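Here the structure comes first, spelled out in structure tokens, and everything after it is commentary.
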Amino acid sequence: NNNSIEIQKVILSSKTKELEEVVIYANKNPIYYNGDTLVYVADSFKVAQNAVVEDLLKKLPGIEVDKDGKIKSQGQDIGKVLVDGDEFFGSDPTIATKNLGAKSIASVQVYEKKEENQQDGSEETIQVLDLKLKDDAKNGYFGKATLASDFQNFHEGEFLFNRFNGSQRLSVFALGSSTPRTGIGYADQNKFGVSSFSNNNSTGVPTTFTSGFSFVDKFGKKKQAKLSLDYTFNNYELRAATSSISQYILPTDTSYYTDDSTYNKSFQNSHNLSAEFTYQIDSLTSLIIQPTISTSNNTNDNLSLSDFLTEDKEATRTTSILNEIETKDYNFTNKLEVNRKFDKARRNLNLSYYYSKDNRNRESVLLSSDIFINSTNSFTEINQKRTEVNDNNYHQATIAFTEPLGKKTKLIFDYAINSDNSSQVISTNDNNGIGVFSVFNSSLSNSFENQRNDNRVGTKYSYESRKQVLTFGAYARNVSINNLNVTTNNNINQSVNNILPMLKYTYKFSQTSRLRVNYNTYSSLPL
């Protein structure tokens, strides 16, 4: 019956107790396991004063480094080398192992990681070596500069610089030369994590300047967002001339000569900018945006002269062909991708959208003359100007869902729709005789518009084990094409249905050795 309880104030008397000595234990073992991760404490291994990471790795038990910088741990190939969990200026492991000082490393960690194989879409387990930097060594720089010249006609200069500060990475490079070298060497591209222009020409010595930068940084409270930027500028100019005299001996014991000369001038100028933004929305959802844009302006002037001479070196015929071509290209692409994982392991949903736009404007002038030197002195000439405009817009949207059936098997359902719209307009005008290209040449002019729509749906079954991957399935596809010849107003419509089976099999002998068997079907409409 008593629904209320009253408790008087309880006053506790103060009482203190002095704690005994507190002892903190630190792990002093040079090598230990933290879960499945093998950890080497770097300072436990003595190296020379100016040693780099590669020298440190050679001291670690169970780690092998060959002459090319490839690394093995416990006999297994290392698939990736990371620095504080991220790639260090590119995927080449020697960028980190040959440039970072051994004294800057707190620990070397080796563990296994599952990664998607880009060639067959399967997941494979790779060995990862992660270099953990000391707090006072999370920023630094390294670089390279060279200069060479004969102090007359040839010179060459190269500059590469890398700067890192926490999660931020910056690479800058430049190359200028008047030698056959037109790009950063492959070894230095890997070492410094850059990509440079290269245009090899068998005739003539070009003048080249190429430069650019690469920037990577993570931001957000939990560093869940990552931004990468890459820019390259290329300037290439080449002037070349050749000449030759040839004698042709005929079965009738007579002969004639040709005197040939060519003059070529080419110029290329381009800008390329690409970006990648990744954002981990939550623990199960990620977003990737990858836009790229590039522009180029190319000119090519080529003059060919040929004189035909008799056995007595008398001129009988002379030809001249002059081609002047200017091309302007523009390209833009963007890819948007959302990946969604679920609580059930290996269940996954992927949504992606890709767009590209290409535009090319080409203007060319052809001046050709052919003169026969005889009593009539006959003469033929072609003097034309041609303009070509190509435009293409491409869209692709895909959705793919992966449902695991067991620990080693899964089903993949996907649907894709593609839309491709392109046009081409070619206009040719002849010279009117007074220096103006005003006479329209209908036989060398045309205009086309093309539209292609592609719908594809299918499923694949996949079996994956540590040694083997088997994937097979089929797609049903419908392709509809509408071709319009604007010049003649002719229209061609086509619609085709296909069943496209596929099979892929991979056997993994080791981390770097595989046997692959692929069977694919492809169907294209006749031209």
Side-chain angles (χ1 to χ4, degrees), residues 150-156 177-183 198-208 235-269 296-327 362-388 426-446:
D150 68 346
F151 300 103
Q152 294 180 22
N153 299 317
F154 303 106
H155 64 270
E156 186 176 293
S177 75
S178 60
T179 70
R181 183 180 179 190
T182 57
S198 181
N199 189 344
N200 297 317
N201 193 295
S202 58
T203 303
V205 178
T207 300
T208 304
N235 185 280
Y236 177 90
E237 186 173 353
L238 175 67
R239 299 173 186 268
T242 64
S243 62
S244 64
I245 297 178
S246 305
Q247 181 183 17
Y248 298 86
I249 301 176
L250 304 177
T252 57
D253 292 333
T254 60
S255 65
Y256 71 93
Y257 296 85
T258 61
D259 186 352
D260 302 306
S261 301
T262 64
Y263 304 89
N264 178 264
K265 181 178 69 173
S266 59
F267 172 79
Q268 300 177 25
N269 186 300
S296 65
N297 188 356
N298 304 326
T299 60
N300 193 318
D301 298 339
N302 188 73
L303 174 63
S304 297
L305 302 173
S306 295
D307 291 326
F308 296 84
L309 311 174
T310 66
E311 193 171 12
D312 298 326
K313 303 291 183 68
E314 294 180 358
T316 61
R317 180 186 178 189
T318 180
T319 64
S320 171
I321 302 175
L322 173 63
N323 268 301
E324 297 178 344
I325 303 173
E326 181 179 5
T327 306
R362 172 176 289 182
E363 189 174 279
S364 59
V365 174
L366 170 63
L367 176 59
S368 173
S369 65
D370 192 354
I371 303 174
F372 288 88
I373 304 173
N374 50 35
S375 58
T376 60
N377 285 334
S378 62
F379 173 80
T380 60
E381 181 184 68
I382 299 174
N383 192 357
Q384 293 176 335
K385 181 177 181 180
R386 177 175 176 174
T387 302
E388 181 178 345
I426 297 177
S427 179
T428 304
N429 289 276
D430 295 323
N431 194 290
N432 63 0
I434 57 174
V436 179
F437 296 97
S438 59
V439 181
F440 182 70
N441 190 327
S442 60
S443 63
L444 297 176
S445 302
N446 58 58

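Remember, it's a predicted structure, so these values are computed and weren't measured experimentally. For reference, positions follow the sequence shown, starting with 1.
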Got Ile371 and Phe379 here, is their nearest side-chain heavy-atom distance under 4.5 Å? yes
Taking all atoms of both residues into account, what is the closest heavy-atom pair of Val365 and Phe437, and its distance? CG1-CZ, 4.1 Å
Rounded to the nearest 0.5 Å, what separates atom CG in Asp259 from atom OG in Ser306? 8.5 Å
Any side-chain heavy-atom pair of Thr316 and Ile373 under 4.5 Å: no
Is it the case that the side chain of Asp312 and the backbone of Glu314 share a donor-acceptor pair, with hydrogens and angles ignored and the cut-off at 3.5 Å? no
Walk me through it: do Leu366 and Ile382 pass the test side chain to side chain contact (heavy atoms under 4.5 Å, CB included)? CA-CA 7 Å; Leu366 170 63; Ile382 299 174; 4.2 Å; yes
Using distance alone, with no hydrogens and no angle criterion, decide if Thr179 and Glu156 have a side-chain donor and acceptor under 3.5 Å apart. yes
Please check if the side chain of Ser445 supplies one atom and the backbone of Thr428 the other of a donor-acceptor pair under 3.5 Å. yes
Could you pull out the closest heavy-atom pair between Ala315 and Leu309, with the gap in Å? CA-CD2, 3.7 Å
Is any side-chain heavy atom of Val205 less than 4.5 Å from a side-chain heavy atom of Phe154? yes
Salt bridge present between Lys385 and Glu363 (N-O < 4.0 angstrom): yes
Rounded distance [0.5 Å steps], CZ in Phe308 versus OH in Tyr257: 15.5 Å
How many angstroms lie between atom CD of Glu237 and atom OG of Ser266, to the nearest 0.5 angstrom? 8.0 Å
What pair of heavy atoms forms the shortest contact from Asn153 to Asp150, and how long is it? N-OD1, 3.1 Å
Looking at side-chain heavy atoms only, is the closest gap between Ile245 and Gln247 below 4.5 Å? no
Say you draw a straight line from OH of Tyr263 to CG of Leu305; how long is it, rounded to the nearest 0.5 Å? 6.5 Å
We want to know whether Asp430 and Gln384 form a side-chain donor-acceptor pair, criterion being a heavy-atom distance below 3.5 angstrom. yes
I want to check something: taking the side chain as every heavy atom from C-beta on, are Asp260 and Ser304 in contact at a cut-off of under 4.5 Å? no
Given side chains that start at C-beta, do those of Phe372 and Thr318 come closer than 4.5 Å, heavy atoms only? no
I need the single residue from Asn300, Asn323, Asp301 that forms a side-chain hydrogen bond (donor to acceptor under 3.5 Å, both in side chains) with Asn264. Which is it? Asn300
If we ignore angles and hydrogens, is there a donor and acceptor under 3.5 Å between the side chains of Thr262 and Thr242? yes
Spatial distance of atom CD (Glu324) from atom OG (Ser364) [nearest 0.5 Å]: 10.0 Å
Is the shortest side-chain heavy-atom distance between Glu326 and Asn297 below 4.5 Å? yes
Tell me, with the steps shown, if Thr327 and Asn298 meet side chain to side chain donor-acceptor pair (under 3.5 Å). CA-CA 5 Å; Thr327 306; Asn298 304 326; 5.8 Å; no
Are any non-hydrogen side-chain atoms of Thr258 and Tyr248 less than 4.5 angstrom apart? yes
Mind checking the CG-CG spacing from Leu367 to Leu322? Nearest 0.5 Å is all I need. 5.5 Å
